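Written out below as structure tokens is the structure these notes cover.
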Amino acid sequence: MEVQAAYTAFSELLTQALEKIRKYLNSKKFKNLRENCNQALEQIKVDQTLDANKYFPIFKLALDSKNTKVLEHTLYYTQKLISHGFLTGNCDDNCQYSEPPQLISQRYPRKLIDAIVESVCSCVHERDDNVQLQVIKTILTIITSFNTEVHDRTLLEAFRACYHIHITSKNLVNQTTAKATLTQMLHFVFQRMESSSVGLNEESLNIVIKGIVRTMIDDVVLYDKKNDKNIPIRSVPYMLDPDDPSYKAIVQVEEINEDGIPAGKFGWCVVCRKAANFYCKDMREPVCSEACKKSNLRNYEKAELSLVGDEDNDYLFDAIITFRSICKLSLKELPTSMSSVTFRSKVLSLELILAVLDNPGPVFCTRKQFVEIIRGSLCESLMNNSISTDKTIFALSLSIFVALVNNFKDTLKTEIGIFMDNIFIKLLESENASYNQKLLVIEVFYRITQNPKTTLELFLNYDCDVEEKDIFGRMIDILGKIAVGRYKSSSNLQPQQELSLRSIALETVTNIMTVQVVWLEKENGYQNKNTEHMNSEELSDTVSDSGSEATNNFSIASDQFEKNKQLKSCLSRAVSKFNINPAQGIKFLDDNGYLNSNSPQEIATFLKLTPGIDKTMLGDYLGRDKDLNSQVLYEFIHLHSFQGIDLVEAIRIFLTSFRIPGEGQKIDKIMQTFAEKYYKDNPEKFSTADSVYVLSFAIMMLQTDLHNPANKNKMTLSGFIMINTGIDQGKDLDHKYLEEIYNNVKDHPFTLEEDEEARDKLEMAGLKKQELYAKESEKMLNKGHNMIKKARKSTVYHEATDIDYLKTMFNALWHPLLATFSIILEESDDPKFWRLCMQGYLACIKISCRFGMTLEIEIFLSSLAKFTSLIYLNNLITEKNIECVKLLLEIAKLEANCLKGSWVHVIKCLSKLDHLHLLNSGAEYDGPATELEIHVSESISAQISPDEIDYIFNMSAGLDDDNIVEFVSKLVEVSKEELWNEHPQTFCLQALVNVADVNMNRIRYVWSRLWTVLKEHFYKSGLHHNQFIAIFAVDSLKQLAIKFLQKEESTNFHFQKEFLYPFDLIFKQSQNAQVKELVVACMCTFVFTLVHNIHSGWHNIFEVFQTAAKYTSGSIPEQAFQAISMIIEKHLGLVSENIQELVNCLCLFTGNSNEIICIKSFDLMSKCIEEILNEKIQPGFLYTLISAIAGRVSDPREQIRLKALENLFGSLKRIDGKYNEEQWKVIYSGILLPIFDDFQYGSSSDKEWVHTTCQQTFKLVVQLLTESYNHLSFLIPDFLEMLGRGVSSLHEQLAKISILTIKSLAEASGANFNEIIWVCFLSKFEELLKITTPYELRDDLIEGKLTFDIALCLEKCIIQRQLIEACNDIGKKFVSKFPLEPSVKFISILEEVYNYSRNYDNNISHRTTLWQAGFLGDINTLPGLFNIEKESLSCILNYLFEFSTKDLTISEKIYTLSKILLTDIINKDQLGAERKQEITNLEPIIANQLLPGLSKNIKEAASKIGAQIVDLIVVDDLRIREEVRKFFKEYLLITR
């Protein structure tokens, strides 16, 4: 059925076509054609071939008829036959020609399809619209049909036909259809090429190579494991030798590969690396399965095709010639009066080029033929059309350029740079370019920079290439200037046009940064706020494998681009310095390590290759007469190559490098060096270098002579020939050659580009704008063509494979970006403009944050903060300002982890926002509020919620460790400004509390860093002069502390101590009582509510309580004491590590002015001592407690002193028996003894203390020593020593108490005293008696005046009497226990005292003299020592009589003393009244002590002093006489 349908269609189409031809060609002229039609109609009836090719000659004749109707129908049926596949043309040309047809191609033999296309295309000149439309349809069918193949010139003929119809037809439908057909045909040709061509399949090639290498390694590894070394190394040998059994042997070894898979018979599969038990016979490689074998074969096939290529591909050739033809069409120059045909031709060619370049396939992009066409014809065309004043052509040219940048930037690096620098940027800088041109150029920049990688690559390949200009930087700079309106604008621009230019320029600049940010955020591993930079190894995996044969693409480290950019910047600065002072410029490069200032080669290279050097300065430098300059000149000239170049052209090239100096010597020096180099490069042209030098100098003279306007007499040709006569070793140069030189210099003077530009400016002065642009564009065009011709064909193109390259770009461009955005944001009120600027700010800040560019973040953020107008509120807040505030908050949210020190700007704005919210809420504010602030507060509050502010601080919990410290530091910084302002605010202080709260769960190390910053600020805030601020700070600290103390603290950590430290500082340094009370209240709160959570914090609590204990009034000490009481009574075990501080607190509380607190403190101390004794507290603190109690014994308040004594000695009694001797000695010396410090050294003058506390203390000590004698007897000597110092103080009250205490101690414990203690007693009394003897009474007067202190003398007398009385009393009771030898010594001292006092009393004249001199002159009796005399006598007698039985010498002393005493009694009447009375007062001692004592050894006494005793009978004292009577009565009884 299908065949029958095809035959039916074949028959019908041919029949209808032939009938139409026969019908309309009815004239005799076409008789033969009609006959052919008739024959063909008959033949069709029996034709079963479905081949219409044999009938085409009839169609050709019909098409040649030029009959409109025939043409229309013939073309129609031709198109139908081709579309149905009946007419293919794939056979030899069977048409008849009057002349042999022209050879279409050397590549292809002529076929019928060529005749078909020629015949159809010949109809294009027909004016009928229907014919033209049918031609278009037929050609499209021919080209796009899969049954026909059109190549080479025939293909071009088809294109030309449609092209012709488009540009010549007046029918709009035909024009449009022709254009669409051309586009469709073009796409078909290139799609056919792409599908049929073999691309460079690097992947398959790499797979094959890796497989081969890996298999080789496997073979070596497996071979080493095999024992039999006679077998081949390869597991699968290349050749199988049937005669060698070793080739058939399979030796399997145990080995695993990199994936841990054991080896198979033949190792591991070359494809999947599994165990290989098979191998591929074709490729001789191990495989594991049939699938892997086929996969391996496919890879080999692809790799082979990739290497062989398809240079003979017909479709590729068709595409090449088609593209070349279109590019050449676009080269046609437009005449001045451009016709519509010419214009449409130009436009169509550009549109077709754009259609090809917009979406090129991989084959098109990688084939060098296309690249060469683009680099040649297309670039030339593009250069011509890019300066066109026609908007359409200009726009198309720019679009083509965009396509080239997007798709061929790697192969056209140099050309793209030339276009951008020499054409587009120049057009933007030009005052003569039109508005449309500028607008379209900016749009081109916008389109180019839509691709972030392309944008970055422009920067890397031009601005970071030392050999290229800073094209991208210049583009940013000029766009910025246009955006801000500060550029040389065209004078005829309308305001709206200028605004439009500024808008698109700003959009472009903003877009450049925003697309980079989008790319940045899409990069793997980049997370918005907390990401580390990916290193180059990680990013290297993302490098594209695509490349081109004509270019060298590779990736380098980002720091290398940074170095290149720095080098360019350094070279730029060096050039600037060189242009002012050459030596400084070279020194600058030397200092920065870029060249050696002593190396002529390096200096010359710098001067030759670095653009921008002032040619006048360069010429002057090269011509200087110094060794280094001469060497540089030599090296500079030798950097040129003059091989094969004519002398005049060589001089011209040489002189374009610098401006030759005006001095003859410098010119001579330079030309000599030039001549030497030229002769070296061209030795065949001249016989010597001298000849070159002379001729070169003559040429320079000719240049000056011919082109100097001041010279009227120009050098003639003959004159020039004459001055060069005989310069070639005496020979003349060829006159024709000299004439050529003369004409060349005359027609083309040597000139510098700078001079030409200056001359052009002078010439263009006064010209119209169009004329100015024409000249300017012509100059740009010529320069561009020259640059492209000289451009390097092979350049290194760097792909933006690493996002870190963006840092280098931003680092180089942020200055102009900031200038652009900030100026517009400040000056513009147009929302479109300032919103774009804000987008730019956001993008720049994001980039800065991504790369940790602290300085850039700081500058951009501070600039943005300024535009919020919050910091310095001088005007009403506009929508722009509010949007800036919102942007600032948005940045703070998005980039919180990157802002670091720049947080200060955000926080200041937040502070101001809070202030405005406060004003709007009607809350009280300590400061003036202006109408402006009130109005602004309403606007702000309506658009920005306070929740936005809170969110910033709450999100601080998400900041990383370093950034949270930075954030808090800046928050503290702003808080300081707030607090110490004229009108303090607490916003930041409260924010610090919130931030500290939400970040309290951070690791201890981080929290410690945070608190280091916070604690100082809270401490200083707590000392603020404003009470409200100080209380607020302390209360804030309290809130934080409660939350912090709720967290468990690990053992041996001290975070609580650090946290509570500010409380301690504030309390100690604050001058505000309420603040201090609040601090104590805080400490009490912690104790009462969190006592079980406190560990190291006890230190600070006790520090505060210690300070509080010193306060004399108010609730401060009371609160602290309550807390201390609670701790001791209920939680003493919790402060085991801080008992020392607790004890210190108690000690201080014992001295508080509040007696109740003091008394209770003693009770608490007693409780602590009890706990120590019960071993619940470390015993080491017992000493401290007792010492503290002892310290209060000297308190001026009697009640306190007594309470202290009670507790002290009560405690000492409790520890009796628990301390050893050494410990008691410590207690005595460290606790008891210090109580009497003042007493011991006689400095105490408080009689009340002496008579009450001191006496009571002595009493208690004596009681303690008595009760605990067995344990404490060793302390008695020390106690006596201390009492002795009290007596020695010669202070009457102290001495009296001391003496009484000594006496009391002896009386209480004397019965238990051992000999040692009594020796101490006697020694101490002996010492004290010596000290208290008033020896000064025996001194004579000096000039009638006393030489001693009367009061002191009297004190001695009184104290000595009391001492003797005490000795006497003690002796009476315990003398029998006294050791003999010390007692004898002591008696001697007593005798000295007695004798001294007796002698003084007997010396009445001396006593009278002293009395008269004022010694006790206020009494009526003479001053004497009778009381001492009497007491000492009594004491001596007691001691003598006690020891008389133990020592005979004692008895002699008794009788000696008795004689003296009795003699004085008997002879008293002979004395004066004063002395007589004193002797009389001694009579009781005679009666009560002496005579009874003598009676104990009456015989000896009678024999020794019996006569004196008898004389006593006459004494008036009855007691004496009675004793005498008893003596002799007893004596008589004994002697009977």
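Bear in mind that the values here come from a model prediction, so they are computed numbers and not experimental data. Computation of the quantities below employed the complete heavy-atom set of this structure, encompassing side-chain atoms and omitting hydrogens, waters and symmetry-equivalent molecules.
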Discussion item. Run Tyr1400 and Ile1428 through side chain to side chain contact (heavy atoms under 4.5 Å, CB included) and show every step you take.
Written reply: CA-CA 11 Å; Tyr1400 176 80; Ile1428 296 174; over 6 Å; no
Item to complete: On the 0 to 90° scale, with breaks at 30° and 60°, tag the Phe1313-Phe1321 ring pair as parallel, tilted or perpendicular.
Response: tilted
Worksheet item: Of all heavy-atom pairs between Met1282 and Phe1258, which one has the smallest distance, and what is that distance?
Response: CE-CE2, 3.6 Å
Discussion item. Which residues pass the salt bridge (charged side-chain N to carboxylate O under 4.0 Å, His left out) test with Asp1349, not counting sequence neighbours?
Written reply: none
Worksheet item: So, for Gly1414 and Leu1346, which heavy atoms are closest and what is the spacing to 0.1 Å?
Response: C-CD1, 4.1 Å
Response to the item:
Taking every heavy atom of Leu1305 against every heavy atom of Val1262, the minimum-distance pair comes out as CA-CG1, 3.7 Å
Worksheet entry | Validation row: Ser1383, Leu1322 side chains within 4.5 angstrom (heavy atoms) | yes
Worksheet item: Would you say Leu1354 and Leu1416 make side-chain contact, with heavy atoms under 4.5 Å?
Response: yes
Response to the item:
Rounded to the nearest 0.5 Å, the NZ atom of Lys1453 sits from the CG atom of Leu1440 at a distance of 7.0 Å
Discussion item. Quick check against the 3.5 Å criterion: does His1406 have a side-chain atom that pairs as donor or acceptor with the backbone of Asp1340?
Written reply: no
Worksheet item: Just by modelled atom types, is the Ser1405 backbone N or O under 3.5 Å from a matching donor or acceptor in the Thr1409 side chain?
Response: yes
Discussion item. Checking Lys1526 against Glu1530 for the salt bridge (Lys or Arg N to Asp or Glu O under 4.0 Å) test, could you report, in this order, the C-alpha distance in whole Å, the side-chain angles of both residues, the deciding distance, and whether it holds?
Written reply: CA-CA 6 Å; Lys1526 288 180 180 180; Glu1530 186 176 350; over 6 Å; no
Item to complete: May I ask you to decide if Ile1157's main-chain N or O and Asn1152's side chain share a donor-acceptor pair within less than 3.5 Å?
Response: no
Discussion item. We want to know whether Gln1508 and Ser1458 form a side-chain donor-acceptor pair, criterion being a heavy-atom distance below 3.5 angstrom.
Written reply: no
Discussion item. For Ile1364, is there any backbone N or O sitting under 3.5 Å from a side-chain donor or acceptor partner on Glu1431?
Written reply: no
Worksheet item: With side chains defined as the heavy atoms from C-beta onward, is the minimum distance between Leu1146 and Phe1162 less than 4.5 Å?
Response: no
Practice prompt. Applying side-chain hydrogen bond (donor to acceptor under 3.5 Å, both in side chains), run through Ser1268 and Asn1270 and close with a yes or a no.
Written response: CA-CA 6 Å; Ser1268 304; Asn1270 293 333; over 6 Å; no
Fill in: Inter-residue atom distance Asn1207.CG - Asp1163.CG, 0.5 Å rounding
6.0 Å
Worksheet item: Are there more than 12 heavy atoms of other residues, nucleotides or ligands under 6.0 Å from atom CD1 of Ile1156?
Response: no
Fill in: Residues, nucleotides or ligands: over 12 heavy atoms within 6.0 Å of Lys1468 NZ
yes
Worksheet item: Are Glu1365 and Arg1361 close enough that some pair of their side-chain heavy atoms sits under 4.5 Å apart?
Response: yes
Worksheet item: What closest approach, in Å, do Ser1273 and Ile1317 show between heavy atoms, and which atom pair accounts for it?
Response: O-CD1, 4.2 Å
Worksheet item: Of all residues at least two apart in sequence or in a different chain, which pass the salt bridge (charged side-chain N to carboxylate O under 4.0 Å, His left out) check with Arg1197?
Response: Asp1195
Worksheet entry | Carboxylate-amine/guanidinium contact Arg1519 Glu1483, below 4.0 Å | no
Donor-acceptor list for residues 1327-1336 side chains, cut-off 3.5 Å, not counting sequence neighbours:
from, atom 1, to, atom 2, distance (Å)
Glu1327, OE1, Lys1324, NZ, 3.0
Thr1332, OG1, Leu1328, O, 2.8
Thr1332, OG1, Leu1329, O, 3.4
Thr1332, OG1, Gln1360, NE2, 3.4
Thr1333, OG1, Leu1329, O, 2.6
Thr1333, OG1, Gln1360, NE2, 2.6

Can you give me every donor-acceptor pair (side chain of residues 1369-1381, partner residue at least two apart or in another chain, under 3.5 Å) with its distance?
from, atom 1, to, atom 2, distance (Å)
Asp1369, OD2, Lys1303, NZ, 2.7

Worksheet item: Hey, what do you get for CD1 (Ile1189) to OG (Ser1166), rounding to the nearest 0.5 Å?
Response: 5.0 Å
Worksheet item: Can you find a heavy atom in the side chain of Gln1263 that is under 4.5 Å from one in the side chain of Lys1213?
Response: yes
Item to complete: Decide yes or no for Cys1147 and Met1165: does some side-chain heavy atom of the first lie under 4.5 Å from some side-chain heavy atom of the second?
Response: yes
Discussion item. When you measure from the side chain of Trp1224 to the backbone of Leu1275, do you find a donor-acceptor pair of N or O atoms at a distance under 3.5 Å?
Written reply: no
Item to complete: Consider only side-chain N and O atoms of Asn1438 and Glu1442, and report whether a donor and an acceptor are under 3.5 Å apart.
Response: no
Item to complete: With side chain to side chain contact (heavy atoms under 4.5 Å, CB included) as the test, would you mind laying out the steps for Thr1301 and Phe1279 before giving the verdict?
Response: CA-CA 10 Å; Thr1301 303; Phe1279 185 53; 3.6 Å; yes
Worksheet item: Distance from Leu1512 atom CG to Ile1466 atom CD1, nearest 0.5 Å?
Response: 5.0 Å
Worksheet item: Rounded to the nearest 0.5 Å, how far does CD of Glu1292 lie from CD1 of Ile1299?
Response: 10.0 Å
Worksheet entry | Candidate pair Asn1481 and Gln1477, rule side-chain hydrogen bond (donor to acceptor under 3.5 Å, both in side chains), full reasoning | CA-CA 6 Å; Asn1481 291 337; Gln1477 182 61 43; 3.2 Å; yes
Worksheet entry | Any side-chain heavy-atom pair of Cys1353 and Phe1415 under 4.5 Å | yes
Item to complete: State which residues pass side-chain hydrogen bond (donor to acceptor under 3.5 Å, both in side chains) with Asp1278; sequence neighbours excluded, sorted by chain then number.
Response: none
Item to complete: Output yes when Glu1452 and Lys1504 qualify as a salt bridge under the 4.0 Å nitrogen-oxygen rule, no when they do not.
Response: yes
Fill in: Cys1367 backbone acceptor or donor facing Tyr1439 side chain under 3.5 Å
yes
Practice prompt. Might you point out which heavy atoms bring Val1261 and Phe1209 nearest each other, and give the distance in Å?
Written response: CG2-CZ, 3.4 Å
Practice prompt. Can you tell me which residue pairs pass the side chain to side chain donor-acceptor pair (under 3.5 Å) test with a partner in residues 1304-1322, sequence neighbours excluded?
Written response: Thr1266-Ser1309
Item to complete: Would you check, one step at a time, whether the test side chain to side chain contact (heavy atoms under 4.5 Å, CB included) holds for Leu1290 with Lys1356?
Response: CA-CA 6 Å; Leu1290 301 180; Lys1356 286 184 177 181; 3.9 Å; yes
Worksheet item: Given the rule in the side chain to side chain contact (heavy atoms under 4.5 Å, CB included) test, do Phe1528 and Ile1498 qualify, once you have shown the distances and angles that lead to the verdict?
Response: CA-CA 9 Å; Phe1528 282 110; Ile1498 198 166; over 6 Å; no
Worksheet item: Is the closest basic N to carboxylate O distance between Arg1407 and Glu1478 below 4.0 Å?
Response: yes
Worksheet, complete the sentence: Nearest heavy-atom contact between Ile1419 and Trp1411 is O-NE1, 3.1 Å
Practice prompt. Take atom CD1 of Ile1513 as the centre, draw a 6.0 Å sphere, and report whether it contains more than 12 heavy atoms from other residues, nucleotides or ligands.
Written response: yes
Item to complete: Answer yes or no: is there a donor N or O on one side and an acceptor on the other, between the side chain of Asn1403 and the main chain of Asn1399, under 3.5 Å?
Response: no
Discussion item. Measuring from atom CG of Leu1272 to atom CG of Leu1265, what distance do you get when rounded to the nearest 0.5 angstrom?
Written reply: 6.0 Å
Discussion item. I'd like to know if Glu1429 and Arg1475 make a salt bridge, using a cut-off of under 4.0 Å between side-chain N and carboxylate O.
Written reply: yes
